[in-house]
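Since the structure comes first, as C-alpha cells, the remarks are kept for the end.
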Amino acid sequence: MRFGKNFLDAIKIAVESETLTVYKSLYETDFSSIESFTLKEIENIFSLHSLYLHYTIEERRMHFGALALISLCTVILLPFIFLLNQYIIPLSIIELLLVLLLIPYVFVYRNYENRVRSMMVYSIILKNGILAKSEK
C-alpha cells in the first residue's frame, strides 16, 4: 500500500525533525513497527500524518473537480458537433482532445483515490497504536 511517495520525496526542509524522519521510514514500511514507539512519539507521528492526509484529500478534491469539469465539457460539446455543421471539424478536434485528456485523467484520479484510502488505513493503524499505548 505505498502511495504518495512523490509528496514525501518533495518535502525539502533544511533541518528535518526526528518525527518527520521517523514518519518517512514508517511510511515506507506501512507502519508495521509502530508498537516499538512511545505514546508521545505515536501522537506526534499521527499529528504529522493527519496533516499529510488533509493535504492529500484536498489534492484529490481538486483533481475530482478537474475530472468533472472535463467530463462536463465533453458531454456539453457533443450535441454542438452535430448541430453546427459549418464548425464540425474544429468542434470534432476539440471533442477528440477532451476525450484524449479524459482517459488518462481517470487514472490520475484513481491514483489519488487509492492514496487517500491507504492513508486512511494508516490513520487507523496509528490511532490504534495510540489507544493501545494509552490503555496500558
Side-chain angles (χ1 to χ4, degrees):
M1 266 209 263
R2 292 191 206 148
F3 296 100
K5 286 180 166 180
N6 295 338
F7 177 75
L8 289 176
D9 293 340
I11 298 174
K12 304 284 188 237
I13 299 173
V15 178
E16 276 190 11
S17 68
E18 186 177 325
T19 303
L20 180 59
T21 305
V22 169
Y23 177 78
K24 285 180 176 182
S25 65
L26 281 172
Y27 195 87
E28 289 295 318
T29 61
D30 296 333
F31 294 90
S32 59
S33 61
I34 198 71
E35 301 86 24
S36 62
F37 293 94
T38 65
L39 176 62
K40 185 65 176 164
E41 289 171 330
I42 297 173
E43 286 174 342
N44 289 341
I45 292 167
F46 183 71
S47 174
L48 190 60
H49 179 75
S50 296
L51 290 172
Y52 178 28
L53 177 61
H54 178 71
Y55 171 83
T56 308
I57 288 172
E58 289 299 316
E59 282 285 309
R60 179 189 65 172
R61 186 176 297 142
M62 186 269 310
H63 282 282
F64 178 76
L67 178 66
L69 186 62
I70 293 169
S71 301
L72 187 64
C73 288
T74 304
V75 170
I76 288 174
L77 184 63
L78 192 60
F80 289 103
I81 293 173
F82 302 112
L83 292 175
L84 303 172
N85 290 333
Q86 68 264 24
Y87 301 114
I88 194 164
I89 292 176
L91 289 175
S92 296
I93 292 171
I94 292 171
E95 184 74 20
L96 179 65
L97 290 174
L98 284 171
V99 169
L100 290 176
L101 181 63
L102 188 62
I103 292 169
Y105 214 87
V106 167
F107 294 101
V108 168
Y109 178 73
R110 188 195 72 183
N111 287 337
Y112 274 100
E113 183 66 32
N114 288 340
R115 187 178 312 154
V116 167
R117 288 175 186 253
S118 69
M119 291 182 68
M120 291 302 292
V121 170
Y122 296 155
S123 292
I124 293 169
I125 291 169
L126 287 169
K127 191 64 175 177
N128 182 55
I130 291 170
L131 293 173
K133 293 285 181 175
S134 63
E135 289 173 355
K136 288 184 180 179

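As the structure is a computational prediction, the values presented were derived from the model and not from experiment.
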Test salt bridge (Lys or Arg N to Asp or Glu O under 4.0 Å) applied to Glu113 - qualifying residues, sequence neighbours left out: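 Salt bridge (Lys or Arg N to Asp or Glu O under 4.0 Å) check on Glu113 returns Arg60, Arg117.
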
More than 12 foreign heavy atoms under 6.0 Å from [atom1] of [X]: is that the case here?
X      : atom1 : answer
Leu51  : CG    : yes
Glu18  : CD    : no
Met120 : CE    : no

Between [X] and [Y], is any pair of side-chain heavy atoms under 4.5 Å apart?
X     : Y      : answer
Val22 : Phe37  : yes
Thr74 : Leu78  : no
Leu98 : Leu102 : no

Rounded distance [0.5 Å steps], [atom1] in [X] versus [atom2] in [Y]:
X     : Y      : atom1 : atom2 : result
Phe31 : Ser25  : CZ    : OG    : 9.0 Å
Ile42 : Leu131 : CD1   : CG    : 10.0 Å
Leu20 : Tyr27  : CG    : OH    : 13.0 Å
Leu48 : Asn44  : CG    : CG    : 9.0 Å
Glu59 : Asn111 : CD    : CG    : 13.0 Å
Leu26 : Ser32  : CG    : OG    : 7.5 Å

At their closest point, which heavy atom of [X] faces which heavy atom of [Y], and how far apart are they?
X     : Y      : result
Leu53 : Ser123 : CD2-OG, 3.5 Å
Pro79 : Ile76  : CD-O, 3.2 Å
His63 : Tyr105 : ND1-OH, 2.6 Å

Decide whether [X] and [Y] are clustered together by the hydrophobic rule: side chain heavy atoms of Ile, Leu, Val, Met, Phe, Trp, Tyr closer than 4.5 Å, transitively.
X      : Y      : result
Val121 : Ile124 : no
Met62  : Ile57  : no
Ile70  : Leu72  : yes
Leu101 : Leu67  : yes
Leu91  : Phe82  : yes

Parallel, tilted or perpendicular, as decided by the 30° and 60° cut-offs, for the rings of Tyr23 and Tyr52: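 Ring orientation, 0 to 90° scale: perpendicular.
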
Polar contact flag, side-chain donor to acceptor under 3.5 angstrom, His49-Tyr122: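 On atom types as modelled, these side chains do not qualify, holding no pair under 3.5 Å.
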
Donor-acceptor side-chain pairing of Thr38 and Glu41 below 3.5 angstrom: yes

Short side-chain to backbone donor-acceptor contact, Lys133 and Glu35, under 3.5 Å: yes

Side-chain (Ser134) to main-chain (Ile130) donor-acceptor, under 3.5 angstrom: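 Confirmed, Ser134 side chain pairs with Ile130 backbone.
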
Arg115 to Tyr112, cation-pi by 6.0 Å centre distance and 45° axis angle: yes

